[in-house]
K.L.:
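So that we are looking at the same thing, I have put the structure below in structure tokens.
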Amino acid sequence: MKQNAYLKCIDPSCGLEYKIESTRIECEKEHLLDVKYKIDPSPSLKELFYQRRNPEGSIFNESGVWRFRELINFCQIDSDSLEDCATHLVSLDGAEGRQSKPYHMSKVADFVGLSQENLWLQPEGYNPSGSFKDNGMAAAVTHAKLANIKKIICASTGNTSASAAMYAANENIECDVYIPAGQIAPGKLSQAYQFGAQIIEIKGNFDDALSASLEKAKEIGGYTVNSVNPFRIEGQKTIVYRALEYLKWNAPDWIVYPGGALGNTSSCGKSLMELYQWGWIKKIPRIAVINSDGANTLDTLYNGKFNETKLRWNKGKPDTELIKNYYSYLDEKNIRPKTKATAIQIARPSNILKALRALEFTNGVVDEVSDQEMLDGMSIVGLNGFDCEMASGSVPTGIKKLISKEIIKNDDIVVGILTGRQKDSSLAVEYHNNPENQFAIPPMI
Ligand SMILES: *Cc1c(COP(=O)(O)O)cnc(C)c1O
Ligand SMILES: [Zn+2]
């Protein structure tokens, strides 16, 4: 196959390019990288993707990630050849993305104030390790294999490590996990242990754990699988493909995500930019990112709450000084991110620039919600028979909030991504034992 895929710096005034086998996560000038493809895929592939839902014995058709392999073909394989797929593509027996598609949830629709038909929620918790991270991890570990890597490294608020450790165990490679000591939900930490990862406990928060892991990776030439890894972003594009395929490629008005390190926001933006450029979609959905009010860097900077300047991608010339100043301010005042939704307890979102690009392309919005609101959001999803974790609870509540502000209109079509399933069972038990909570069903004594 002809060389089609390569890496390119996201900064338009820099634009350095690298071979696809490169294990860099940034260019020489420390800008993030994109995976790029020279050839535009034909819209006729839509039919093939649909047919693969009858997998005919191929786990790569079963997989909700690799079913779309022509759109993320950075291995440059013959995508029809089962043998080529099996040699290159990393999959947990086709399970990543297999069960995730958008659903209607009547009680959530009532809660947010949309008609049932207009609200779609996609539970990415129904992935093999229990979060959307498996979409990106399958792709990142595939690239690690391409680059002949024997050890992957990550920092994690929990779900990244669960996913990385699961694929590493399955591929028989090593996995080092940097975690903020004492700040990981037990259900997530236990997965990393159980899948045989080496845990490295860091005093501090996720941002500290990430810097420690990136430093270590630099020192030993390790392969980082956090969402700064551009192949993570490629795999996570399939979250959007599955939603759009289900809507017959009619773009909704909104796609809504929780905002943590902003990998999801970035991948959603990249997938929409590409689909639009290829002519696969005619309309561009708007992205809404929902921060926790205890970890709200994007909301603060995007909405001009720090010094009135609204941080924008600005056609590739974002005000990076503003970001630096804000981080210095956080350090000076000793302000640490604080929320019970540990998956999004992040003050320095490493993908912030890619996220700004995504927001600019989609005319996106950013808002924030409280812990109580996320718990309510999580609980109303539960009452529809789907479980999600607290960070994902920001999605229903965020939609509700944006409707009350008339940013989302009540006849808009909205797709919300429920990023992970419940792994901190104490939160749900506590919630229901307090009769003051809106959706609590306390035990009978
Ligand atoms: C990682 C994670 C997030 C944050 O996603 P980003 O891409 O880092 O913004 C949100 N929810 C859950 C459940 C997660 O595991
Ligand atoms: Zn660059």
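We count ligands from 1, going down the list as the structure has it; atoms in each ligand are counted the same way. In this text, all values refer to a predicted model and were calculated from it rather than measured experimentally.
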K.L.:
Give every protein N, O or S atom lying under 2.8 Å from the Zn ion (ligand 2), naming each by residue and atom.
P.N.:
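Protein N/O/S atoms under 2.8 Å of the Zn ion (ligand 2): Cys9 SG, Cys14 SG, Cys27 SG, His31 ND1.
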K.L.:
Only heavy atoms of Asn159, strictly under 4.0 Å: list the atoms of ligand 1 that pass.
P.N.:
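Atoms satisfying the 4.0 Å criterion: 13 (C), 14 (C), 15 (O).
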K.L.:
Does either side chain, that of Tyr178 or that of Glu215, offer a donor lying less than 3.5 Å from an acceptor on the other one?
P.N.:
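Not at all, the side chains of Tyr178 and Glu215 share no donor-acceptor pair under 3.5 Å.
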K.L.:
Within ligand 1, which atoms have a heavy atom of Gly420 less than 4.0 Å away?
P.N.:
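Ligand 1 atoms under the 4.0 Å threshold to Gly420: 13 (C).
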K.L.:
Give yes or no for whether the N/O distance cutoff of 3.5 Å, strictly under, is met between Ala391 and ligand 1.
P.N.:
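Among all N and O atoms of Ala391, none is under 3.5 Å from an N or O of ligand 1.
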K.L.:
Assess whether a salt bridge exists between Glu245 and Arg242, defined as any Lys/Arg side-chain N lying under 4.0 Å from an Asp/Glu carboxylate O.
P.N.:
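Not counted as a salt bridge, because no side-chain N and carboxylate O are separated by less than 4.0 Å.
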K.L.:
Which ligand 1 atoms does Glu389 reach within 4.0 Å, using its non-hydrogen atoms?
P.N.:
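Within the 4.0 Å cut-off of Glu389, ligand 1 contributes 13 (C).
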K.L.:
Just wondering, are more than 12 heavy atoms of other shown residues or ligands nearer than 6.0 Å to OH in Tyr276?
P.N.:
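Counting other residues, nucleotides and ligands, OH of Tyr276 stays at 12 neighbours or fewer.
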K.L.:
In terms of ring plane angle, is the pair Trp249 and Tyr241 parallel, tilted or perpendicular, where the classes change at 30° and 60°?
P.N.:
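Ring orientation, 0 to 90° scale: tilted.
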K.L.:
Just need the protein heavy atom nearest to atom 1 (C) of ligand 1, so name the residue and atom and give the distance.
P.N.:
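Closest protein heavy atom to atom 1 (C) of ligand 1: Lys133 NZ, 1.4 Å.
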K.L.:
Looking only at side-chain N and O atoms, does Asn148 offer a donor or acceptor that is under 3.5 Å from a partner on Lys150?
P.N.:
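A pair is found: one side chain offers a donor N or O, the other an acceptor, under 3.5 Å apart.
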K.L.:
Would you mind listing every side chain to side chain donor-acceptor pair (under 3.5 Å) that reaches into residues 413-427, with sequence neighbours excluded?
P.N.:
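Every pair satisfying side chain to side chain donor-acceptor pair (under 3.5 Å) with a residue in residues 413-427: Asn159-Lys423, Gln191-Lys423, Asp387-Arg421, Ser392-Thr419, Asp424-Ser426.
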K.L.:
Which residue and non-hydrogen atom of the protein lie closest to atom 12 (C) of ligand 1, and at what distance in Å?
P.N.:
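Heavy-atom neighbour on the protein nearest atom 12 (C) of ligand 1: Thr419 OG1, 3.3 Å.
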K.L.:
Among Arg232, Gln236, Glu124, find the one that has a side-chain hydrogen bond (donor to acceptor under 3.5 Å, both in side chains) with Asn135.
P.N.:
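Of the listed options, the one satisfying the test is Glu124.
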K.L.:
State the atoms of ligand 1, each with its element, that fall below the 4.0 Å cut-off from a heavy-atom position in Asn264.
P.N.:
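Reading through ligand 1 atom by atom, the close ones are 7 (O).
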K.L.:
Nearest 0.5 Å please: distance from the CG atom of Asp376 over to the CD atom of Glu373.
P.N.:
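Between Asp376 CG and Glu373 CD, I get 7.5 Å after rounding to 0.5 Å.
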K.L.:
Where is the nearest protein heavy atom to atom 8 (O) of ligand 1: which residue, which atom, and how far?
P.N.:
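Of every protein heavy atom, Ala261 N, 2.8 Å lies nearest to atom 8 (O) of ligand 1.
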K.L.:
Determine whether any heavy atom of Phe132 lies closer than 4.0 Å to an atom of ligand 1.
P.N.:
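Distance cut 4.0 Å: Phe132 passes for ligand 1.
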K.L.:
Among residues at least two apart in sequence or on other chains, which ones pass side chain to side chain contact (heavy atoms under 4.5 Å, CB included) with Lys38?
P.N.:
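Listed in chain order: Asn4, Tyr6.
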K.L.:
What part of Ile346 sits under 4.0 Å from ligand 1 if we count only heavy atoms: the side chain, the backbone, both or neither?
P.N.:
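The answer is neither; Ile346 stays 4.0 Å or more away.
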K.L.:
Not counting sequence neighbours, list each pair that qualifies as a ring-ring contact (aromatic ring centres under 6.0 Å, His included) and has a residue in residues 127-155.
P.N.:
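Of all non-adjacent pairs touching residues 127-155, those that pass ring-ring contact (aromatic ring centres under 6.0 Å, His included) are His143-Tyr223, His143-Phe231.
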K.L.:
Under 3.5 Å, side chain of Glu30 to main-chain N/O of Glu26, donor-acceptor pair present?
P.N.:
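The answer is no, because no donor-acceptor pair under 3.5 Å joins these two groups.
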